[in-house]
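Below: one structure in structure tokens.
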Amino acid sequence: MLMAETKIFQVECEQDVLIVTPLRNLSSLADEDIIAEWETVQQQLTVSGVRHVVFDFHNLKYFGSTMLEVMLLLWKRIRPHEGRLAVCNVSKEAREILRLSRFDTIWPVCDSRDAALGEVNSQPV
Amino acid sequence: MVGGLLKKQPDWQIEFAEHGGQALEMLAASQPELIITDMMMPVVDGLQLVAAVKKQYPLVPVILITSKGSEDIAVKALKLGAASYSPKSALAQDLVETVQGVLAVSSEKRTSARLMSCMTDAHCSFVLNNDANLIPALVDYLQEDAQRMGICDEGERVRVGVALDEALVNALYHGNLEISSELRDTDGKAYVALVRERTSQPPYCERRIHVTAKMSPTEATITIRDEGPGFDPSRLPDPTDPVNLEHLGGRGVLLMRTFMDNVIYNETGNQVTLIKRAASGTAENEKC
């Protein structure tokens, strides 16, 4: 179910998984429109009762530290409630960035959305 | 039919491949000025051929012949890098004109690429105000210069772009506006409000970002200086240390150091020099 379509983050909900699809890279969170969208994404965690998050990067060839921070902030929100985060459809460059930042050690990096959904639903806490 | 139409042009020399795989073998020996390909082929189909040629021989344009009802494929082909497409139903009317148009554009590109291979060095300088919207455009400009000079290929261009973006964003928010990453963690709205406030408040609003770029066929040196107080980069926590994994900040510098060959801060910490060297064999341009 597509819950909200925005300029930066497309947000969908599949059972208790929030699927966030960034539509473009972010250089910073200093823009009011971006912050508004970002807060909408965070609100979905409380309003719709989702526990887990999947980031789908099929639109992006790469991203930088701000996107990593966005993912980290969401993960810190869901983790206390035993939520899990997985990433999917990353390009070669994006996979390298996840590896460099060591986030691939805590978030599964999957080849498809289905695989990512499977990870968050089956991965032990 | 395609061959018949093209052979009528007296100045064009036509060579044929049975399928996309053979076309790629032929390209390895010598590159034509243009490729016209069908979509459905064994071994390597039209879209795969478009993608491969774009990657390996970016100066060779590809025109895809499309059949009726395959507009989606045409769009896909253009996104993959095809120069144009020509519907089968209109070949007799359109193909020659399409080929002529593509050849004209690609000829200009080839000449431009040859000229750039003769360039020995290029310098440019920018002084930016604290407008974040300028950063993507500047990054794009510098990426283009570096790639045109032969310092980086498409993959390295992406990495260089990430590093430059991180350095410029740091210069603006952490340097000139003196805003910490931690505020994003606690209160996003306060973060935006503080950015807005300082963007119009002296002394922050009066500060500038100075960028100089020196490019040669072997190396790109980009220096970015902000007018803030600076910082001590040695005190940045190592974001790859598991202890710091949940810490915001520090990853921008990590990406800069990974994607550039050298990252050098001045003593004050308000100036960073990023150096990218050409790997041997990355220069795609025809030699001068």
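Only this structure's heavy atoms are used, side chains among them; waters, hydrogens and symmetry mates stay out. Throughout, protein chains are lettered first and strands after them, A, B, ... in sequence-line order, and every chain is numbered starting at 1.
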Exercise for the section: Examine whether an atom of A:Arg79 lies under 4.5 Å from a heavy atom of chain B, and if so say whether it belongs to the side chain, the backbone or both; otherwise answer neither. Expected result: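 It is the side chain, since no backbone atom gets that close.
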Exercise for the section: Let me see the working for B:Asp226 and B:Asn270 under side-chain hydrogen bond (donor to acceptor under 3.5 Å, both in side chains), right down to the final yes or no. Expected result: CA-CA 5 Å; B:Asp226 63 71; B:Asn270 69 332; 4.6 Å; no
Practice task
Using a strict cut-off of less than 4.0 Å between a Lys/Arg side-chain nitrogen and an Asp/Glu carboxylate oxygen, indicate whether B:Asp238 and A:Arg102 qualify as a salt bridge.
Solution key: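 Here B:Asp238 does not pair with A:Arg102 in a salt bridge, since their nearest N and O are not under 4.0 Å apart.
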Exercise for the section: Give, as side chain, backbone, both or neither, the part of B:Thr258 having an atom under 4.5 angstrom from any heavy atom of chain A. Expected result: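 Just the side chain, heavy atoms under 4.5 Å.
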Practice task
Would you mind checking which part of A:Glu93 comes under 4.5 Å of any heavy atom in chain B, side chain (CB onward), backbone (N, CA, C, O), both or neither?
Solution key: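 Only the side chain of A:Glu93 comes within 4.5 Å of chain B.
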Exercise for the section: Please state whether the side chain, the backbone, both or neither of A:Leu72 comes within less than 4.5 Å of a heavy atom of chain B. Expected result: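 Contact with chain B involves the side chain of A:Leu72 alone.
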Practice task
Measure across A:Leu60 and A:Met67 and return the closest heavy-atom pair with its distance rounded to 0.1 Å.
Solution key: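 For A:Leu60 and A:Met67, the tightest heavy-atom pair comes out as CD1-CE, 4.0 Å.
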Handout entry: Contact class of A:Trp38 relative to chain B, heavy atoms under 4.5 angstrom
Key =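 Interface part for A:Trp38: neither.
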Exercise for the section: Step by step, work out the salt bridge (charged side-chain N to carboxylate O under 4.0 Å, His left out) result for B:Arg159 and A:Glu96. Expected result: CA-CA 10 Å; B:Arg159 295 185 185 88; A:Glu96 183 182 6; 2.9 Å; yes
Exercise for the section: Using a cut-off of 6.0 Å, state whether more than 12 heavy atoms not belonging to B:Asp232 lie near its atom CG. Expected result: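 Yes, enclosed.
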Problem - Toward chain A, the part of B:Leu245 with a non-hydrogen atom under 4.5 Å - result: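 Looking at B:Leu245, backbone and side chain both touch chain A.
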